[in-house]
Amino acid sequence: MEPLHDWNPKPEEAIRIQDELRRQLRLRWDGREVHTIGGVDVGLNDDRARCAIVLLRYPDLVPFEAAVAEVELTFPYIPGLLSFREGPAVLAAWEKLPRKPDLLFFDGQGIAHPRGMGIAAQMGLWLQVPTIGVAKSRLYGIHTTPGPRRGDRTKLLDEREPGRVIGAVLRTRDHVRPVYVSPGHLMDVAHAVKFTLAACAGYRLPEPTRWAHKVAGGAELPPESPRQERLL
DNA sequence: GCGACAG
DNA sequence: ATCTTGTCGC
């Protein structure tokens, strides 16, 4: 892939990089067919980051492939610069994947970010694949509380430009805390919400992300999820 | 200066 | 993210 920038800049430079990358984002869904989706999760251990990417069949959500990679941590956790801490591990796991998914879910924000460049957006640019950010809490944006049922949602608005919708606060289960959904690259808000609901099966977080979290923690894919199954 | 602050 | 068991409520 095309190196877009250095991964160990000073925070001030990282911010400049994000401001520059923003113009490359394509916040539009092109209508492509989706047969496989992937989930990314990064676990942190002392001075190393372990990333897992799990691929699932869509729309039945059966996991069939996974890749794990571990990398040395070189960047601190700074709100707004999460991608610089976890990005290298994601790239390492991505290169180990035998095949790439049609769509990727991230644990974190897409464009619902101070500079419109959350980890789902930034990695979408690196990987050149449609991405969606599903965060467990808010980083940026203003909103009201959505209804209590699965599917209920409110708009996530840009703090500095309240007329601009940057995502959705979405209830993925009845009476459970909503998640913050925002498009990354090659995605729009409506489809990000649609795919997120389609990927949530009984739990607050999307299945791809849940599997990635388990695998990053050492779990194996179930036997009934053959790693070499033909998909088409 | 005082909060807010993905994972 | 991580420290940490059982427990209350939807």
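Just so it is clear: chains get the letters A, B, ... in the order the sequence lines come, proteins before strands, and each one is counted from 1. Atoms considered below: every heavy atom in the structure, side chains included; atoms not considered: hydrogens, waters and symmetry mates.
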Run the ring-centre check on A/Trp7 versus A/His5 and record whether the distance is less than 6.0 Å.
-> yes
Near-ring test A/Phe105/A/Trp211, centroid separation under 6.0 angstrom = no
How would DNA chain C look in dot-bracket form, 5' to 3', counting Watson-Crick and G-U wobble pairs with both distances under 3.5 Å and writing | for bases paired to another strand?
-> ..........
Using the test side chain to side chain donor-acceptor pair (under 3.5 Å), find all partners of A/Glu33 that sit at least two apart in sequence or belong to another chain.
->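 Once residues adjacent in sequence are excluded, the partners of A/Glu33 under the side chain to side chain donor-acceptor pair (under 3.5 Å) criterion are A/His35.
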With a 4.0 Å heavy-atom cut-off, tell me which residues in residues 73-82 of chain A come close to DNA chain B, sorted by residue number.
->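 Result for residues 73-82 of chain A: A/Tyr77, A/Pro79, A/Gly80, A/Leu81, A/Leu82, sorted by number.
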Residue pairs passing the side-chain hydrogen bond (donor to acceptor under 3.5 Å, both in side chains) test where at least one lies in [range], sequence neighbours excluded:
| range | result |
| --- | --- |
| residues 194-209 of chain A | A/Glu207-A/Arg210 |
| residues 167-181 of chain A | A/His143-A/Tyr180, A/Arg149-A/Asp174 |
| residues 106-119 of chain A | A/Gln18-A/Arg115, A/Asp107-A/Lys136 |

Take A/Arg48 and A/Glu72 through the test salt bridge (charged side-chain N to carboxylate O under 4.0 Å, His left out) and record every step on the way to the result.
-> CA-CA 4 Å; A/Arg48 284 189 301 181; A/Glu72 197 86 2; 5.4 Å; no
[X] side, atom [atom1]; [Y] side, atom [atom2] - distance, nearest 0.5 Å:
| X | Y | atom1 | atom2 | answer |
| --- | --- | --- | --- | --- |
| A/Thr36 | A/Glu65 | OG1 | CD | 11.0 Å |
| A/Thr131 | A/Leu125 | OG1 | CG | 7.5 Å |
| A/Leu156 | A/Thr154 | CG | OG1 | 7.0 Å |

For each nucleotide in nucleotides 5-10 of chain C, reading 5' to 3', give B when a protein heavy atom comes within less than 4.0 Å of its base, S when such contact involves only the sugar-phosphate, and - otherwise.
-> -----S
Chain A footprint on DNA chain B, 5' to 3' - any atom under 4.0 Å from a heavy atom =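 With heavy atoms of chain A under 4.0 Å away, the range is B/dA4 to B/dG7.
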Could you pull out all donor-acceptor pairs under 3.5 Å where a side-chain atom in residues 77-94 of chain A meets a protein atom, sequence neighbours excluded?
residue	atom	partner	partner atom	Å
A/Ser83	OG	A/Gln122	OE1	2.8
A/Arg85	NH1	A/Phe75	O	2.7

For A/Lys214, does the NZ atom sit with more than 12 other heavy atoms under 6.0 Å from it, leaving out its own atoms?
->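 Yes, because the 6.0 Å sphere around NZ of A/Lys214 holds more than 12 heavy atoms from other groups.
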Per-residue pairing states of DNA chain B in dot-bracket (Watson-Crick or G-U under 3.5 Å; . unpaired, | other strand) read .......
Starting from [Y], can I reach [X] by hopping between I/L/V/M/F/W/Y residues whose side chains sit under 4.5 Å apart?
| X | Y | value |
| --- | --- | --- |
| A/Leu4 | A/Ile119 | yes |
| A/Leu21 | A/Leu186 | no |
| A/Leu170 | A/Met187 | yes |

List for me each residue that meets side chain to side chain contact (heavy atoms under 4.5 Å, CB included) alongside A/Arg23, sequence neighbours excluded, and say none if there are none.
->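 Here no residue qualifies.
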Answer yes when A/Asp19 and A/Arg16 have at least one side-chain N-carboxylate O distance shorter than 4.0 Å, and no when they do not.
->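 Between A/Arg16 and A/Asp19 there is no salt bridge, as every charged N stays at least 4.0 Å from the carboxylate O atoms.
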Output one line per pair: protein atom, nucleotide atom from nucleotides 1-4 of chain C, and distance, for all N/O pairs under 3.5 Å.
residue	atom	partner	partner atom	Å
C/dA1	OP2	A/Lys136	NZ	3.4

